[in-house]
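Input: a single structure, listed below in structure tokens.
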Amino acid sequence: MVSNREPYIHERNKKGIRCKMPVGGLVAAIDPVMQRTRGVWIAWGSGNADVETADEKGRILVPEDDPRYTLRRVWLDPKEVNEYYYGFSNRIIWPVCHLFQEKARLLPEYWETYKRVNQRFADATLEEARPDDHIWIQDVHFTLMPAALREELPGNNIALFWHIPFPPWETFSCIPWRKEILGGMLGADLLGFHTASYVANFLGAVKKEFPEAQVSTSAVRYRGRITRVRAFPIGIDYNKYREMSSKDSLRRRAGQLRNKISVQQIILGVDRLDYTKGILNRLLAFEKFLDTHPRYLGKVSFIQVASPTRSAISEYREMKQHIEETVGRVNGKFQRPQWTPIIYINRHMPGDEILMLYRIADVAMVTPIIDGMNLVAKEYVAVNDNGVLILSEFAGASEEMDSAIIVNPYDLDGMVKALEEALSMTPEERARNMEPLRELVKEHDIFWWLSSFLEEWGVELKMDEGAVDEIVAGTRRAR
Ligand code: G6P
């Protein structure tokens with residue numbers, strides 16, 4: 001397994017060294033598989049106590065209390081973090097794939113460092129990999145790795161999953177190094193995307209860049225090799241969300257919190273503070289809603305959680321400033337001594353506090369400008385049986401979750417109408433609308449995603465027939 005984020009991070013604080021697992025479905029799903037296969041997970045050692053807890057090769061056995069597999073940390077110096085992670089990954093691939101070409105900084109030094117870091121990860125992988133190992137690479141940080149590994153390991157089974165949108169060729173092609181990127185990815189045996197349209201966009205780009213390749217609707221034959229390309233919409237650990245959110249203590253705390261917020265209804269937004277998430281338009285829509293529906297003044301509050309992210313990048317800082325000015329302006333315009341229209345939280349919130357917010361929110365507004373999938377939509381549905389989901393048509397999740405109230409995040413009037421509709425639904429209507437969504441999130445959970453991917457990959461993980469079922473069952477037990 002290769003990913004940029006590591007599954008276990010060691011951080012030193014005043015009390016000593018603490019090992020934490022990043023939140024997020026991917027680590028939660030893949031860690032138990034790794035525990036079972038006893039493989040090696042290669043990732044950037046980003047914690048401030050990572051070096052001292054690993055050996056001289058960067059290796060550490062994890063989980064520490066019951067070692068099952070090896071985490072191999074790759075070290076990056078500040079220049080590399082700046083140019084490979086913030087630069088190429090987050091100031092080129094990220095904006096371009098999210099259709100924000102104008103934000104891309106197409107600097108050659110970012111490309112040079114990205115290539116070097118990809119090679120560093122490939123070298124670490126070559127040191128670890130045995131001839132029949134399966135190698136699974138995650139996300140946009142390592143597009144060059146499949147081809148780099150393929151040269152050295154012609155017989156290994158290599159896959160890559162792309163966690164963000166893949167744009168049309170006309171957009172993607174603003175990257176001067178587009179051909180190298182696509183060629184790098186085609187070193188894989190299997191490429192996974194969240195939706196059918198990202199698959200189609202990727203295949204369209206391959207056709208344009210490699211006219212000599214044979215491209216079908218789900219595979220590419222290039223230089224005598226076949227790369228299968230398919231959609232696997234990622235899900236969440238539904239049962240775990242249900243379980244955690246129905247614990248007595250959490251329900252009690254959520255009830256207390258709800259009593260303290262003295263409005264009739266609560267609307268919720270939960271996002272990383274990223275310009276792709278549509279936070280600003282959402283707040284402007286809420287302002288317009290209050291302007292045009294004065295009967296809701298004092299009766300509804302909007303809670304927006306905006307977690308800090310990538311703040312070394314100026315576009316993120318500018319977006320934060322813009323959002324905060326808007327929150328201040330809207331609150332200044334409507335606020336009453338006993339009522340706050342927008343409750344804005346700009347810090348990392350622990351998982352249980354987010355769960356409480358999911359529980360108490362009558363409406364969740366998940367309205368990104370564009371998003372690969374968006375798991376907040378799925379988490380809310382898993383936790384809240386009586387809520388209403390307003391979902392952007394440009395979130396990957398809307399391909400499956402089409403019984404939500406679907407909106408265009410650029411259309412403020414459309415979002416105002418959606419808010420009116422959501423807030424005036426009867427409890428019966430809400431429950432009726434929520435049911436198919438909940439069924440879908442339950443069925444297409446993270447384990448369904450994982451097993452469909454592994455099945456398509458033909459991975460038996462050195463176990464016989466039924467291995468995938470066994471892994472899935474194992475991950476469920478491990479939880
Ligand atoms: C997206 C990417 C992930 C990334 C996550 C958080 O979901 O697809 O690869 O880990 O954002 O961003 P960060 O830059 O903090 O890893």
Side-chain angles (χ1 to χ4, degrees), residues 1-9 11 20-31 41-47 50 73-74 76 80-100 103 110 114 117-118 121 136-143 145 160-167 181 185 191-195 198 202 232-236 270-279 305-313 315-317 319-320 347-349 351 354 366 368-379 394-397 446 449 453:
M1 179 68 59
V2 183
S3 69
N4 179 61
R5 289 268 164 224
E6 56 183 338
Y8 296 88
I9 307 175
E11 295 280 0
K20 58 175 202 195
M21 226 177 172
V23 281
L26 188 85
V27 164
I30 291 175
D31 175 73
W41 189 327
I42 298 164
W44 167 33
S46 59
D50 274 356
R73 289 170 171 154
V74 174
L76 301 178
E80 287 167 339
V81 172
N82 187 37
E83 295 183 350
Y84 140 81
Y85 168 69
Y86 287 114
F88 203 82
S89 304
N90 288 326
R91 300 193 86 173
I92 296 182
I93 302 191
W94 183 269
V96 171
C97 288
H98 287 89
L99 312 181
F100 284 91
K103 292 195 197 293
Y110 290 173
Y114 181 81
V117 170
N118 267 248
F121 273 78
W136 191 1
I137 300 162
Q138 303 295 333
D139 226 353
V140 306
H141 311 88
F142 302 117
T143 56
M145 271 187 77
L160 183 143
F161 194 86
W162 186 266
H163 289 265
I164 68 173
F166 199 95
I181 292 175
M185 292 170 76
L191 292 173
F193 294 87
H194 286 308
T195 71
Y198 305 154
F202 175 81
F232 304 91
I234 201 165
I236 60 162
V270 176
D271 306 88
R272 284 189 304 108
L273 208 165
D274 197 296
Y275 51 81
T276 59
K277 300 290 181 183
I279 301 173
V305 177
S307 319
T309 179
R310 306 176 190 168
S311 46
I313 298 176
E315 281 79 8
Y316 286 75
R317 292 197 301 274
M319 175 54 51
K320 175 171 185 292
R347 59 188 157 74
H348 174 76
M349 277 192 105
I354 298 279
V366 182
I369 298 296
I370 177 168
D371 211 332
M373 172 55 69
N374 196 301
L375 294 180
V376 167
K378 297 192 172 181
E379 291 168 5
F394 307 126
I446 187 77
W449 173 79
F453 190 89

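Read the numbers this way: they start at 1 and go in the same order the structure lists the ligands and their atoms. Values in this document were obtained by computation on a predicted structure and should not be read as measured data.
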Worksheet item: In terms of atom number and element, which parts of ligand 1 are under 4.0 angstrom from non-hydrogen atoms of Ile164?
Response: 8 (O)

Practice prompt. Pull out every atom of ligand 1 sitting under 4.0 Å from any heavy atom of His163, numbered as shown with elements.
Written response: 8 (O)

Response to the item:
Among Trp94, Tyr85, Phe161, closest by heavy atom to atom 14 (O) of ligand 1 is Tyr85

Practice prompt. Pick whichever of Arg272, Met373, Arg310 has a heavy atom sitting closest to atom 12 (O) of ligand 1.
Written response: Arg310

Would you say [X] and [Y] make side-chain contact, with heavy atoms under 4.5 Å?
X     : Y      : value
Glu80 : Tyr85  : no
Ile92 : Tyr114 : no
Asp50 : Glu6   : yes
Ile30 : Gln138 : yes

Worksheet item: For atom 9 (O) of ligand 1, what's the nearest protein heavy atom and its distance?
Response: Asp139 OD2, 2.4 Å

Item to complete: Any chance you could measure Arg91, atom CZ, to Lys103, atom NZ, to the nearest 0.5 Å?
Response: 10.5 Å

Discussion item. Taking Arg310 first and then Glu315, would you say they form a salt bridge - that is, a charged N and a carboxylate O separated by under 4.0 Å?
Written reply: no

Worksheet item: Would you call His141 a ligand 1 contact, heavy-atom distance under 4.0 Å?
Response: yes

Worksheet item: Distance below 4.0 Å between atom 7 (O) of ligand 1 and any protein heavy atom?
Response: no

Fill in: Under 3.5 Å: N/O of Arg5 near N/O of ligand 1
yes

